[in-house]
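In what follows, every heavy atom counts, from backbone to side chain, and hydrogens, waters and symmetry copies are set aside. Within every chain, numbering begins at 1; the chains are lettered A, B, ... in the order of the sequence lines, protein sequences first and strands thereafter.
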Number of protein chains: 2
Amino acid sequence: MKPKEEFHLKQCRQKIRAIHDTLDVLNGKWKISIISCLCYAPMRYSELLKEVHGISGKMLSRELKDLEMNNLIKRNVLDTQPVVVKYEITEYGSSLKELTNVIADWGIKHREKIINS
Amino acid sequence: MKPKEEFHLKQCRQKIRAIHDTLDVLNGKWKISIISCLCYAPMRYSELLKEVHGISGKMLSRELKDLEMNNLIKRNVLDTQPVVVKYEITEYGSSLKELTNVIADWGIKHREKIINS
DNA sequence: CCGGATCCTCGTGGATACTG
DNA sequence: CAGTATCCACGAGGATCCGG
């Protein structure tokens, strides 16, 4: 193998490892949507349940717990009656905003392509 | 609700729909890695099996079939003995390159953050 | 070498009912 | 309102063997 190819291959492997690292944190089909949603505004549990279309209550609470563990979102319990819980994105979580934008942009293009074919 | 908030909410919903569209095509934990790999060079089945670390043969062939159906990659059977099969990225598939870069970049940052904490 | 077929396991995820 | 608990179905995904 030529040195140049070998270099490319090394880059490729590093990239795959990095992608795997990201997907470990954002696994499942909901987490990116939740992050994207909370990038716009803090939201309550019930609001997320409506906005993230198709998610069930169990999955939402599970995913929220995961995201909180990874310090991507923050859970705020407001001291009211009845209880109100607000989820908001952390500073670290907002570093994912570009990622969500790129994914959403491609989705829009893809949808157009499907419709036109 | 104020008009401005309502506008934001609309944007948010559209974005979530777009994200879902993308994830429908790139579901599972392997497709993005495969795409990223083929962005570097066309590869054979057995090469991908080594490069995409952890994937099993069954999953690889299944994912490749999915990606081919969505016109993101192309399967080339070379007329040799024994048979050689090369997978390469299509023009449409290469429109995902930016996406893979952004995901990989975040993965690298995230790994650094984990190590430093 | 490139997979397909088969069998098996386990996690994902929905539905529903229930608690504070 | 904001979840938890339980039950259940289904598909993801691994292991292994087989065929062109």
Side-chain angles (χ1 to χ4, degrees), chain A residues 1 16-17 19-35 37-38 41-70 72-89, chain B residues 1 16-17 19-35 37-38 41-70 72-89:
Chain A
M1 197 187 304
I16 288 185
R17 240 177 296 131
I19 288 173
H20 216 284
D21 287 349
T22 302
L23 295 188
D24 268 358
V25 180
L26 300 178
N27 55 33
K29 42 180 176 172
W30 305 114
K31 293 207 178 67
I32 298 178
S33 296
I34 295 173
I35 295 274
C37 213
L38 293 179
M43 282 200 192
R44 302 168 59 173
Y45 180 86
S46 52
E47 289 174 316
L48 283 168
L49 212 50
K50 275 180 293 185
E51 295 306 326
V52 183
H53 190 70
I55 197 170
S56 67
K58 188 180 69 174
M59 287 314 298
L60 180 56
S61 63
R62 190 187 291 177
E63 303 282 58
L64 287 171
K65 226 179 288 175
D66 277 5
L67 292 172
E68 199 193 356
M69 271 180 44
N70 282 309
L72 296 171
I73 64 171
K74 190 171 181 309
R75 184 173 185 270
N76 290 92
V77 183
L78 275 61
D79 196 11
T80 53
Q81 192 55 273
V83 173
V84 169
V85 183
K86 282 264 188 186
Y87 292 93
E88 59 181 309
I89 197 136
Chain B
M1 195 185 307
I16 289 185
R17 241 177 295 130
I19 288 174
H20 218 285
D21 287 348
T22 303
L23 295 189
D24 267 0
V25 180
L26 300 178
N27 54 35
K29 43 178 175 173
W30 305 114
K31 293 209 179 64
I32 299 179
S33 297
I34 295 172
I35 295 274
C37 212
L38 293 178
M43 280 199 193
R44 304 167 59 172
Y45 179 84
S46 50
E47 289 174 317
L48 283 168
L49 211 50
K50 276 180 292 184
E51 295 307 325
V52 183
H53 190 68
I55 197 171
S56 69
K58 189 180 72 173
M59 286 314 296
L60 179 56
S61 63
R62 190 188 291 175
E63 303 282 57
L64 287 171
K65 224 181 288 174
D66 278 5
L67 292 172
E68 199 194 354
M69 270 180 46
N70 281 311
L72 296 171
I73 63 171
K74 191 172 181 309
R75 185 173 183 270
N76 290 93
V77 183
L78 276 60
D79 196 11
T80 53
Q81 192 56 272
V83 171
V84 168
V85 183
K86 282 264 188 187
Y87 291 93
E88 58 181 310
I89 196 131

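Heavy-atom nearest nucleotides on DNA chain C were determined for A:Ser56 and for B:Lys65, and the one closer to the 5' end corresponds to B:Lys65. Between A:Ser46 and B:Ile55, the residue anchored closer to the 5' end of DNA chain D is A:Ser46, taking for each the nucleotide with the nearest heavy atom. Between A:Val83 and A:Arg62, the residue anchored closer to the 5' end of DNA chain D is A:Val83, taking for each the nucleotide with the nearest heavy atom.
Distance CE (B:Met59) to C1' (D:dA15): 14 Å, rounded to an integer number of Å. Taking atom CG of B:Leu49 as the reference point, atom P of C:dG4 lies 13 Å away to the nearest angstrom. When the P atom of C:dG13 is taken as reference, atom CD1 of A:Ile34 falls 11 Å away, rounded to whole Å. The CG-P distance, from A:Leu60 to D:dA2, rounds to 10 Å in whole Å. If you measure from atom NZ of A:Lys29 to atom C1' of C:dG14, you get 10 Å, rounded to the nearest angstrom. Put simply, CH2 on A:Trp30 is 11 Å from C1' on C:dT12, counting in whole angstrom units. Regarding A:Leu48, its CG atom lies at a distance of 10 Å from the P atom of D:dA2, rounded to whole Å. Put simply, CG on B:Leu64 is 10 Å from P on C:dG4, counting in whole angstrom units.
The CG atom of B:Leu64 sits 13.0 Å away from atom CE of B:Met69, with the distance rounded to the nearest 0.5 Å. Rounding to the nearest 0.5 angstrom, the gap separating the CE atom in A:Met59 from the CD1 atom in A:Ile34 is 8.5 Å. With rounding to the nearest 0.5 angstrom, the NE2 atom of A:His20 is 11.0 Å from the CD1 atom of B:Ile32.
With contacts defined as side-chain heavy-atom distances shorter than 4.5 Å, the pair A:Arg75/A:Tyr45 does not qualify. Annotation: side chain of B:Val77 is in contact with side chain of B:Val83 (closest heavy-atom distance under 4.5 Å).
Remark: B:Ser61 is in phosphate contact with C:dG4, judged by side-chain N or O atoms under 4.0 Å from OP1 or OP2. Residue A:Arg44 places no side-chain N or O under 4.0 Å from the OP1 or OP2 atom of D:dC1. The phosphate of C:dG4 has neither OP1 nor OP2 within less than 4.0 Å of any side-chain N or O from B:Tyr45.
Using a 4.0 Å heavy-atom distance criterion, A:Lys86 is classed as making no nucleic acid contact.
Comparing C:dG4, C:dG3, D:dA2 by their closest approach to the side chain of B:Arg75 singles out C:dG3.
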Are there any protein N/O atoms within less than 3.5 Å of an N/O atom in nucleotides 6-11 of chain C, and if so, which ones and at what distance?
none

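Here the closest heavy-atom approach between residue B:Leu72 and residue B:Leu26 is recorded as CD1-CD2, 4.5 Å.
The pair A:Lys31-A:Glu63 meets the salt-bridge criterion, with a side-chain N (NZ, NE, NH1 or NH2) lying under 4.0 Å from an Asp/Glu carboxylate O.
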